Amino acid sequence: MTVRVRIAPSPTGDPHVGTAYIGLLNWCFARRHGGRFILRIEDTDRTRCTEASAQAIYRSLKWLGLSYDEGPDVGGERGPYVQSERVALGIYRRYADQLLAQGDAYRCFCTAGDLDAMRKAQAAAGQPIMYDRRCRQLDPAAAAARAAAGEAHVVRMKSPLEGSFSYPDRLRRQPFTKTWAEIDDQVLLKADGWPTYHLAAVADDHLMGITHVIRAEEWLNSLPKHIWLNQRLGFTAPEYVHVGLLRNADKSKISKRKNPTSLLWYERQGFLPEALLNFLGLLGHSHPEGKEQFGLAEMGAFFDLDRINVAGPVFDLAKLRHLQGLWFRALPPERMIAEIHRAVDIQAGELLPLLRERMTCGGDFMGQAEPFYAQTVAHHPDELVPKGLDRAQARGLLEQLQAELRKYLAADGAQWTAAALEAFLRELLARRGQAAPGATAEQQAQAALWQQKAVYMLLRVGATGRANTPPLFETLERIGALRVIERLGAAAGRLK
RNA sequence: GCUCCCAUCAUCUAGAGGCCUAGGAUACCGGAUUUUCAUUCCGGCGACACGAGUUCGAAUCUCGUUGGGAGUACCA
């Protein structure tokens with residue numbers, strides 16, 4: 001039996017990070033067992049699903065590299081892979097009819113109002129809230145006649161009234177157990193003739209030859225219904241495995257109010273698919289040797305379904321950022337440049353060596369590179385005064401530095417390169433930092449100002465307008481003599 | 001309310017009776033490298049929810065308590 005697994009997202013809103021998570025687990029499971037990974041679109045909620053959303057799902061999965069062997073836009077032998085198209089084929093109606101004919105389902109004519117009142121009464125009485133099965137008593141022939149006459153109705157499953165249900169989920173200590181009495185007569189076919197999730201998923205999983213359903217824990221409670229449907233429909237049920245739900249920091253189910261859940265957001269932010277996937281791969285699962293950074297292909301090789309931890313992991317963006325940094329800085333230059341280009345329309349190549357280890361994503365580039373591209377920079381007077389100096393001293397030093405650099409440039413064969421600048425400035429510091437023998441007290445005080453730390457910082461802030469920059473000499477080189485000298489003057493001016 | 005699931009550092013996790021005075025990673029805090037920032041490297045902080053039981057021995061098994069989560073839709 002070859003493994004066939006699927007993800008079955010519903011195309012409502014933006015593609016969800018939970019889809020990527022479950023997709024990753026399924027993808028890895030398929031890969032690990034030489035199986036097939038399938039995408040199916042579950043768009044049976046006509047009020048909420050959109051084509052645009054389905055398109056976005058395809059795009060996001062491709063962006064992530066979670067390629068599927070069969071799916072709406074790639075085809076396959078068990079299609080169509082979009083449930084609305086299967087509705088048109090009458091697939092679900094046929095199964096509903098089969099259940100009706102077998103006496104395993106019945107027509108229900110209760111209105112929304114009826115159900116609402118019923119639930120309110122149950123809540124008031126402290127009873128479990130579930131359908132009271134009043135239409136189950138209806139004569140099937142009479143009900144069929146009412147339906148034929150056009151009366152609005154749904155089809156419900158005839159859940160067993162007694163006995164119990166038990167299922168050994170391989171990830172849980174104890175088999176999952178329920179009594180049938182507490183299982184609702186689930187609606188299978190809605191009034192509009194479309195199936196609910198339960199019928200549609202069970203039917204399609206069977207028709208598509210799905211062998212393992214690896215899905216989120218939120219489905220655990222409806223497992224009995226799914227097993228029952230498989231049985232009554234004469235299917236061999238796939239193995240169902242339930243994994244933990246991604247959580248917000250407060251442990252509630254991940255939501256867009258408390259976390260970025262849209263895959264589009266991660267893409268726009270400049271996160272790399274490698275980083276996101278790596279991060280998700282660390283949730284509920286781990287590398288057997290504790291390795292933290294790994295790629296999709298590698299994960300496909302070591303992934304072990306039985307090692308999944310079902311306690312719902314908190315989705316921690318800080319860890320994702322860390323992994324993003326690792327992946328980003330390890331990018332080959334062409335790809336890093338492409339990432340930067342994706343964020344800003346600029347030629348980044350020259351500055352890359354200077355900035356790469358200071359970035360976590362392409363979007364960081366401009367923030368760092370601005371002083372290199374700008375004609376002028378804005379100086380903040382407070383930042384311009386190094387510790388231990390006052391305003392006037394800082395201004396004096398700036399002016400003298402400007403003058404010294406001018407003089408340096410005017411000399412024959414002067415070079416404006418990092419190495420030459422470093423040599424010159426070291427020599428300058430040695431020269432100016434030492435008072436001549438017999439110097440006056442004032443001269444000595446002047447010399448004392450020429451401390452490396454202060455001077456370098458003055459140059460840095462003067463030339464770039466900021467205190468954090470790449471290494472000084474390379475920075476000066478790239479900005480260029482003209483702009484550096486000009487900016488030093490402007491900086492001095494700010495301290496007047 | 002009812003039902004079910006889960007429970008190791010703040011967070012992600014390793015750990016499937018002795019290798020555990022509980023290991024790694026993130027975050028945080030120090031230090032080293034460095035002209036700043038970042039990178040990198042070193043160090044620190046820091047957890048088996050609680051209570052019984054089983055056992056020579058329990059983070060690991062059982063039960064209870066507590067805590068958290070999910071489900072309870074003609075949504076998926």
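All figures in this text were calculated on a predicted structure; none of them were measured in a lab. Letters A, B, ... mirror the listed sequences (proteins, then strands); counts begin at 1.
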Looking at the side chain of A:Glu292, which of B:U13, B:A27, B:A25 is the nearest nucleotide? B:A25

A:Asp304/A:Arg307 salt bridge by N-O under 4.0 Å criterion: no

Given that both distances must come in under 3.5 Å, which nucleotide forms a Watson-Crick or G-U wobble pair with B:G1? B:U72

Under 3.5 Å, is there a donor-acceptor pair linking the side chains of A:Gln55 and A:Glu51? yes

Mind checking A:Ala467 for me? I need base, sugar-phosphate or nothing, with any heavy atom below 4.0 Å counting as a touch. base

At less than 4.0 Å, is any side-chain N or O atom of A:Lys319 found next to OP1 or OP2 of B:A25? Yes or no. no

In 5'-to-3' order, the base (B), backbone-only (S) or no-contact (-) status of each nucleotide in nucleotides 66-76 of chain B, using a 4.0 angstrom heavy-atom cut-off, is --SSBSSSBBB

Looking at B:G67, which nucleotide sits across from it as a Watson-Crick or G-U wobble partner, both distances under 3.5 angstrom, or is there none? B:C6

Determine whether the aromatic ring centres of A:His285 and A:Tyr21 lie less than 6.0 Å apart. no

Distance-only donor-acceptor check, side chains A:Asp204 and A:Tyr92, under 3.5 Å: yes

Across all strands, who's sitting opposite B:A38 as a Watson-Crick or G-U wobble pair, both distances under 3.5 Å? none

Closest to the A:Glu357 side chain, choosing from B:C5, B:A38, B:C37: B:A38

Check nucleotides 41-46 of chain B against the protein and report each pair of N or O atoms closer than 3.5 Å, with its distance, or say if there are none.
none

Touch check for A:Thr469, heavy atoms < 4.0 angstrom, all strands: base, sugar-phosphate only, or nothing? base

For A:Pro288, which contact category applies under a 4.0 Å heavy-atom criterion: base, sugar-phosphate, or nothing? nothing

Give a yes or no on whether a donor-acceptor pair under 3.5 Å exists between the nucleobase atoms of B:C5, that is its base, and the side chain of A:Arg172. no

Using a cut-off of 4.0 Å on non-hydrogen atoms, how would the nucleic acid contact of A:Arg356 be classed: base, sugar-phosphate, or nothing? nothing

Quick check: does any side chain N or O of A:Asp185 sit under 3.5 Å from a backbone N or O of A:Lys158, one acting as donor and the other as acceptor? no

Distance check, C1' atoms only: B:A27 and B:U65, in whole angstrom units. 33 Å

Between A:Phe279 and A:Phe271, is the ring centre distance below 6.0 Å? no

Watson-Crick or G-U wobble partner for B:C28, using a 3.5 Å limit on both distances? B:G44

Please report whether the ring centroid of A:Phe424 lies less than 6.0 Å from that of A:Phe473. no

Across all strands shown, which nucleotide pairs with B:A59 by Watson-Crick or G-U wobble geometry, both distances under 3.5 Å? none

Polar contact flag, side-chain donor to acceptor under 3.5 angstrom, A:Tyr240-A:Asn230: yes

Side chains of A:Thr261 and A:Asn259: is there a donor and an acceptor less than 3.5 Å apart? no

If you only use heavy atoms from C-beta on, which nucleotide in B:C6, B:A14, B:U13 is closest to the side chain of A:Pro313? B:U13

